[in-house]
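Keep in mind that what you see is a predicted model, and the values were worked out from it rather than measured. Values below: every heavy atom of this structure, side chains too, minus hydrogens, waters and symmetry copies.
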Amino acid sequence: MRGGEPTLHFLLGLAGGRGDPLVIQFGRRTRDQILSQDDGFAVETFLVDPATGEGLYAGEGLPRILALSGDHLLLLRTDPFPEVEVARMPPRGRVIQGPR
């Protein structure tokens, strides 16, 4: 719970692996969003090292990552309208930019 408010988490997707970090994304909805039938949810992103199992919380500002292939990402953005984007993986040590 964040700030005492009950929340619901659900798995949105997994991508990566094979030597690259595993990207795990969860959706998070508050009780109020569920009761009001609001379709919105926050996307929480975690990176996990497949060799060690160590994880890192990457935050809420990233778009949905649908797939990783080589140095390319397939991203899904929904605001202000649904859009699929093919992006290049940032160099090691750089951060993927959140919503534009």
Side-chain angles (χ1 to χ4, degrees):
M1 293 195 314
R2 293 176 187 260
E5 186 176 13
T7 58
L8 169 72
H9 286 82
F10 50 96
L11 181 65
L12 291 172
L14 303 166
R18 294 186 222 110
D20 289 325
L22 180 62
V23 178
I24 304 171
Q25 291 187 304
F26 291 93
R28 187 187 78 239
R29 296 184 71 194
T30 65
R31 182 176 189 273
D32 289 342
Q33 285 175 311
I34 294 166
L35 292 175
S36 70
Q37 298 182 359
D38 178 355
D39 289 336
F41 57 88
V43 176
E44 296 184 328
T45 303
F46 297 83
L47 303 175
V48 177
D49 183 332
T52 65
E54 290 186 42
L56 171 72
Y57 179 65
E60 291 183 19
L62 299 175
R64 294 224 8 225
I65 300 172
L66 301 177
L68 296 171
S69 180
D71 64 348
H72 288 85
L73 298 159
L74 184 61
L75 306 174
L76 174 64
R77 300 178 190 276
T78 57
D79 188 25
F81 52 84
E83 171 184 25
V84 175
E85 176 184 346
V86 177
R88 287 191 155 265
M89 182 78 77
R92 299 270 187 220
R94 298 221 23 222
V95 176
I96 300 170
Q97 296 298 312
R100 294 182 249 170

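Of the possible polar contacts, none joining the Q33 side chain to the T7 backbone as a donor-acceptor pair under 3.5 Å is found.
In this structure, CG on L62 lies 11.5 Å from CD on E44, to the nearest 0.5 angstrom. In this structure, CG on L8 lies 12.5 Å from CZ on R31, to the nearest 0.5 angstrom.
D49 places none of its side-chain heavy atoms less than 4.5 Å from the side chain of L56.
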Going through the distances and angles, do L47 and V23 end up as a side chain to side chain contact (heavy atoms under 4.5 Å, CB included)? CA-CA 5 Å; L47 303 175; V23 178; 3.6 Å; yes
Does I65 form a side chain to side chain contact (heavy atoms under 4.5 Å, CB included) with L75? I'd like the steps, not just the answer. CA-CA 5 Å; I65 300 172; L75 306 174; 3.8 Å; yes
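Of all non-hydrogen atoms in R64 and L12, the two that sit nearest each other are NH2-O, 3.5 Å. Annotation for E60 and R28: closest pair OE2-NH1, 2.6 Å, computed over non-hydrogen atoms. Closest approach of L22 and P50 over heavy atoms only: N-CD, 4.2 Å. For the pair R29 and F41, the tightest heavy-atom approach, listed with the atom from each and the gap, is CG-CB, 3.4 Å. Of all heavy-atom pairs spanning A67 and A15, the tightest one is CA-CB, 4.2 Å. Of all heavy-atom pairs between G16 and L68, the closest is CA-CD1, 3.3 Å.
When the side chains of ILVMFWY residues are joined at heavy-atom separations under 4.5 Å, either directly or via intervening members, L14 and L66 end up in two distinct hydrophobic clusters. No chain of hydrophobic side-chain contacts below 4.5 Å, direct or via other Ile, Leu, Val, Met, Phe, Trp or Tyr residues, connects I24 to F10. Criterion: ILVMFWY side-chain heavy atoms under 4.5 Å apart, direct or through other members. Under it, L73 and V86 are not part of a common hydrophobic cluster.
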